[in-house]
Amino acid sequence: MVAPAWRQGQPEPLGLYISVPFCRAKCSFCNFASGVYPRSAMPGYVAGLLRQLRAARAWAEARGLVLPDRVDTVYLGGGTPSLLPPGLLRTLLLAIRGEFTLDSDAEITLEAAPLQLEPATLEAALQAGVNRISFGVQSFVEAEARATARTHSGAEALAEIERVRAAGVAHVSADLIAGLPGQTGASWAASFARLAEAPLDHASIYMFELDDDSRLGAEALRGGARFGAQLLPHDDAVADWYEQACAALGAAGLGQYEISNFARSGGRSRHNERYWLRAPYLGLGVDAHSMLRSVEGRCARFAVGDALGAFLEGASWEEPHRLTAAEELEEAWFLGLRRNAGVSLAALCEEFGPPAIAAYASALEELTGSGLLHSKEPGTVALTARGRLLSNDVFAALLLAPAPPGRPSQFAGSDRGPIVDNGIDGHSY
Ligand code: SF4
């Protein structure tokens, strides 16, 4: 791994994440800040995004943060940004070009739900430079999709992928969720087989996670039968299904490059890679997360609140949380290890100093002995296949690694703040 551009004194390009929180229906498994809001709110919402675009440079400079002018990835997520009317989509992408210098080969992704991308919106997206569409399919089995508030059949989802390919979209991705209510080994196998055969160059597999932020998750934790929590498959089965899907996608040429992500050659999500590599990105809109570096090169994270009403009334980024060296190192581990390529120990030593990395030696040894980590290439550490399944355990063990001798003041006792949210926005639920 080469040292990041900012350490070599080179300007680093920026990624833009744009949250569009409008959805046609609220999916039962969804824990994002999205909702079924009136279309009449869309113009005001896009006006709020333009306001942030124009204010970003002065806002960052006033806080000693570097906002690169050059942009090489743009990601419209949410929410369902494919629901935006063509005129608003055009306005938004034009405004980005007005405020930043967009690379001629920039990756520009639009998230879409099957059957929720009008032909006129697709045409406007292509004209405005969108070259990647990410479909939140979740299941190619109609009954499973419907149980979560999706309305597509497997054939319809496949037809949507073929339609955007035929229209000239260079890169197409689709997501599936393992562990939906009523899912069985056979239905999951049918879903991932369709994913593997579809004309895609990228795929994501997520395992449904129980938390209070989705209605299905809350029901599973607290009881009830409205969203099918009683039909959730067992965790062990879901873990097996994840492994089966990894193998099937790999055999179909979609190689795994991150815990949840798979791509053909040239199909990796450049935008999502910047999260794992700690490259800068600016998030605009409701609940969007950002990471910029200070003029001294340290990471600062900040976000926009998740209330649509407040955003429409002018709310913007909250004050940044400036990471300590210890927090940055923790992030370097748990974000870097998500990638199959793992992390380079030499690069970590260069960035944080050998004593800071030496403090992890016994934890790394123990995790390697347990079969959760391995050294794929000399001088690197990566998760094994089992480690990817138990990644939270690996990250927890690394967070507990002792402070390095002789460096207690820098690497101990920090006020952690909300850094554990890694800002991974590249989902298309
Ligand atoms: S999963 Fe996607 S489409 Fe469904 S409610 Fe959440 S953001 Fe909207």
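All values derive from a computational prediction rather than experimental measurement. First listed ligand is number 1; within each ligand, the first listed atom is number 1.
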- Note on the structure: So the atoms of ligand 1 within less than 4.0 Å of a heavy atom of Thr80 turn out to be 3 (S), 8 (Fe)
- Ala149 and ligand 1 - part of the residue with a heavy-atom distance under 4.0 Å: neither
- Counting heavy atoms only, which part of Arg150 comes closer than 4.0 Å to ligand 1: side chain, backbone, both or neither? side chain
- Message: Please classify the Ser34 to ligand 1 contact at 4.0 Å (heavy-atom distances, strictly less than): side chain, backbone, both or neither.
- Response: side chain
- Message: So for Gly79, does at least one of its heavy atoms come nearer than 4.0 angstrom to any atom of ligand 1?
- Response: yes
- Message: Exactly one of Glu144, Arg146, Arg194 should register a side chain to side chain donor-acceptor pair (under 3.5 Å) with Ser139. Which one does?
- Response: Glu144
- Query: Counting heavy atoms not belonging to Glu162, are there more than 12 under 6.0 Å from its CD?
  - Reply: yes
- One finds that the ligand 1 atoms under 4.0 Å from a non-hydrogen atom of Cys30 are 1 (S), 5 (S), 6 (Fe), 7 (S)
- Message: Under 4.0 Å between a side-chain nitrogen and a carboxylate oxygen: does that hold for Arg278 and Glu351?
- Response: yes
- Query: Parallel under 30°, tilted from 30 to 60°, perpendicular over 60°: which one fits the rings of Tyr45 and Phe311?
  - Reply: tilted
- Message: Distance alone, cut at 3.5 Å: any donor-acceptor contact between the side chains of Arg274 and Thr73?
- Response: yes
- Task: Under 4.0 Å from a heavy atom of Phe29: give me the atoms of ligand 1 that qualify, with their elements.
- Result: 1 (S)
Acceptor/donor pairs from residues 246-257 side chains to any protein atom, 3.5 angstrom cut, sequence neighbours excluded:
residue: Gln256; atom: OE1; partner: Arg388; partner atom: NE; Å: 3.4
residue: Gln256; atom: NE2; partner: Tyr242; partner atom: OH; Å: 3.1
residue: Gln256; atom: NE2; partner: Glu258; partner atom: O; Å: 3.1
residue: Gln256; atom: NE2; partner: Ile259; partner atom: O; Å: 3.0
residue: Tyr257; atom: OH; partner: His202; partner atom: NE2; Å: 2.6
residue: Tyr257; atom: OH; partner: Ser269; partner atom: N; Å: 3.1

- Message: Tell me whether atom 8 (Fe) of ligand 1 has Cys23 as a neighbour, meaning an N, O or S atom of it below 2.8 Å.
- Response: yes
- Give a yes/no verdict on whether any heavy atom in Ala25 is under 4.0 Å from an atom of ligand 1. yes
- Item | Winner among Pro81, Cys27, Ala33 once heavy atoms are compared against atom 5 (S) of ligand 1 | Cys27
- Message: Using the side-chain hydrogen bond (donor to acceptor under 3.5 Å, both in side chains) criterion, which residues pair with Asp212? Sequence neighbours excluded.
- Response: Arg222
